[in-house]
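Since the structure comes first, as structure tokens, the remarks are kept for the end.
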Amino acid sequence: MNPRLGRLQPYPFEQLRALLAGVTPPASLRPINLSIGEPKHPTPALVTDALAGALDGLSAYPATAGTPALREAIAEWLGRRYGIPAPDAATQVLPVNGSREALFSFAQAAIDPSRGEARVACPNPFYQIYEGAALLAGAQPVYLNDGAPLESLDWRGVQLAYVCSPGNPTGRVLGPDDWRRLFELSDRHGFVIASDECYSELYYDELRPPLGALQAARQLGRGGYERIVAFSSLSKRSNAPGLRSGFAAGDAALLRAFLLYRTYHGSAMSLPSQQASIAAWRDEAHVRENRRLYAEKYRAVLPLIEPPLSTAMPDGGFYLWVRTPVDDAAFARELQRQYNVLVLPGSFLSREVAGRNPGQNRLRVALVAPLGRSNSNGFAGFTGVRVLLTMSSR
Ligand SMILES: Cc1ncc(COP(=O)(O)O)c(C=O)c1O
């Protein structure tokens with residue numbers, strides 16, 4: 001087998017299983033899972049109806065490039081959402097089966113192992129796919145700690161840089177100055193930017209949606225999107241993680257090579273999924289409602305845990321990145337043991353760099369569980385989060 005497989009780290013949820021082995025939560029308490037970033041709001045009927053109405057499409061092999069209609073719907077959405085001219089649907093947009101597989105496979109297509117030791121820059125903490133993609137492409141992941149200046153990384157040999165905005169798990173959004181500096185570094189060192197924007201539609205100031213990579217590029221006069229590919233998804237935006245639908249958009253030359261790779265890899269989206277995706281990208285009402293529901297959860301939960309635990313409303317996404325007064329893994333284990341509440345220790349999502357692990361003493365709390373309707377505080381679904389407060393004051 002490929003020896004690079006041996007370099008993969010255990011996935012955070014495997015680490016969580018190991019951490020909780022032998023832990024028996026009180027049977028009297030309802031289990032509350034705030035560990036997985038899986039949307040729980042229902043998939044909108046306009047998506048499921050479009051899917052059901054297109055089932056005859058199962059009789060045909062879909063093209064890897066997707067249908068022109070889907071590429072057009074995505075290009076138009078990008079134009080509307082980011083206030084940019086719609087990208088060229090034929091060359092600058094490519095449907096993918098969710099952003100996870102695309103973020104992974106993009107590294108396999110983008111890394112050139114003949115150029116000496118290839119390095120892949122990842123944020124830290126980070127979505128684990130970036131690291132696995134780098135390792136399986138034969139590259140060395142290098143990490144930029146949350147909050148550290150971009151320039152503090154040694155960018156020599158970096159061929160690909162993953163960025164995530166809004167960030168998982170921090171919720172941080174990159175601003176215009178971050179993008180300008182990243183583009184300058186990309187010009188100087190020649191690396192490709194893979195911009196993971198799968199949380200781009202979960203923001204809580206309707207007047208200030210997060211800046212996207214393509215939008216930032218246009219604003220800085222980089223209309224050809226040189227060395228930039230943005231990845232987005234319907235999973236969080238449209239509560240459709242099972243649809244497996246997203247897109248890559250940007251630099252036409254990179255997407256041409258990526259399409260070639262994907263043709264061999266065999267990652268075409270089924271025609272019913274494409275029809276459902278078209279319906280989803282064309283509608284914003286359900287996305288606004290989705291944001292409203294998440295905003296409601298933040299409003300309910302933040303006052304319960306903000307003092308004394310340190311956390312804050314993120315710029316975007318659906319996580320809280322909570323500081324713990326004790327070791328994060330121990331805290332998470334106790335939360336499960338005493339209260340039947342599952343959260344993810346921050347250190348499972350990060351690596352130690354220069355003696356510092358930015359996930360240490362942090363928890364990632366996914367605000368996906370539905371708000372309860374009828375307990376004394378009105379937040380039955382968040383009993384466990386409220387418990388964080390009790391623990392920290394011991
Ligand atoms: C940061 C980030 N990127 C990408 C993904 C992948 O999402 P999907 O493959 O459903 O588009 C996730 C999923 O949780 C994520 O957290």
Side-chain angles (χ1 to χ4, degrees), residues 11-14 16 33-41 43 47 66 70 74 77 93-107 120-134 141 143-144 146 160-174 193-203 210 212-213 229-249 262 265 267 269-270 273-274 276-277 280-281 287 290 294 314-321 343-344 346 348-350 358-359 364-369:
Y11 209 67
F13 295 106
E14 250 172 73
L16 188 61
N33 188 349
L34 307 174
S35 67
I36 296 193
E38 181 185 45
K40 297 285 183 216
H41 306 155
T43 308
V47 175
L70 175 56
I74 294 169
W77 179 81
V93 171
L94 199 54
V96 298
N97 294 326
S99 54
R100 178 182 183 138
E101 66 87 358
L103 288 159
F104 175 84
S105 55
F106 187 67
V120 171
C122 305
N124 192 31
F126 60 98
Y127 179 52
Q128 306 293 295
I129 295 304
Y130 313 149
E131 182 187 70
Y143 308 94
L144 183 70
D146 181 43
L160 176 65
Y162 285 105
V163 292
C164 184
S165 174
N168 170 3
T170 63
R172 198 189 295 286
V173 163
L174 298 180
I193 299 167
S195 176
D196 180 352
E197 305 182 359
C198 91
Y199 294 95
S200 69
E201 302 318 288
L202 304 187
Y203 53 88
V229 177
F231 296 83
S232 193
S233 167
L234 291 173
S235 299
K236 324 284 180 185
R237 173 188 182 270
S238 299
N239 300 311
L243 187 62
R244 311 312 302 134
S245 177
F247 66 78
R262 298 175 65 73
H265 189 76
S267 34
M269 192 190 301
S270 81
S273 298
Q274 293 196 50
S277 305
W281 290 118
V287 192
N290 202 22
Y294 284 119
D315 298 333
F318 53 41
Y319 300 107
L320 282 172
W321 188 228
V343 295
L344 199 60
F348 291 4
L349 297 169
S350 55
R364 192 190 77 175
V365 177
L367 291 194
V368 289

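Since this is a predicted model, take the numbers as computed values, not measurements. Note that ligands are numbered from 1 as they come in the structure, with each ligand's atoms numbered from 1 the same way. All heavy atoms count here, side chains included; hydrogens, waters and symmetry mates do not.
Atoms CD and OG, from E201 and S232 in turn, are 6.5 Å apart once rounded to the nearest 0.5 Å. Rounded to the nearest 0.5 Å, atoms CD1 (I74) and CG (L234) are 7.5 Å apart. We find the CZ-OG distance between F348 and S35 to be 11.0 Å, quoted to the nearest 0.5 Å. We find the CG-CZ distance between D146 and F126 to be 13.0 Å, quoted to the nearest 0.5 Å.
For atom 11 (O) of ligand 1, the nearest non-hydrogen atom from the set C164, S233, P123 comes from S233. For atom 14 (O) of ligand 1, the nearest non-hydrogen atom from the set K236, R100, E38 belongs to K236. Of all the listed residues (Y127, Y130, F318), Y127 holds the heavy atom that lies closest to atom 4 (C) of ligand 1.
Less than 4.0 angstrom separates some heavy atom of G98 from each of these atoms of ligand 1: 9 (O), 11 (O). Ligand 1 places these atoms under 4.0 Å from at least one heavy atom of C198: 2 (C), 3 (N), 4 (C), 5 (C), 12 (C), 15 (C). When each atom of ligand 1 is checked for a heavy atom of R244 under 4.0 Å away, the hits are 8 (P), 9 (O), 10 (O).
If you check which protein heavy atom lies closest to atom 2 (C) of ligand 1, you get D196 OD2, 3.3 Å. Ranking the protein heavy atoms by distance from atom 7 (O) of ligand 1 puts S99 OG, 3.3 Å first. In terms of protein heavy atoms, atom 10 (O) of ligand 1 is closest to S235 OG, 2.6 Å.
In this structure, Y294 and K236 have side chains that are not in contact, with every pair of non-hydrogen atoms separated by 4.5 Å or more. Between Y162 and P141 the shortest side-chain heavy-atom distance does not fall below 4.5 Å.
Neither the backbone nor the side chain of P241 comes within 4.0 Å of ligand 1, counting heavy atoms alone. With a heavy-atom cut-off of 4.0 Å, Y199 touches ligand 1 through its side chain alone. Counting heavy atoms closer than 4.0 Å to ligand 1, residue L103 contributes side-chain atoms (C-beta onward) but none from N, CA, C or O.
Note: Y130 and Y127 have perpendicular aromatic rings, judged against thresholds of 30 and 60 degrees for the angle between ring planes.
When only modelled atom types and interatomic distance are considered, Y199 and Y319 share a side-chain donor-acceptor pair under 3.5 Å.
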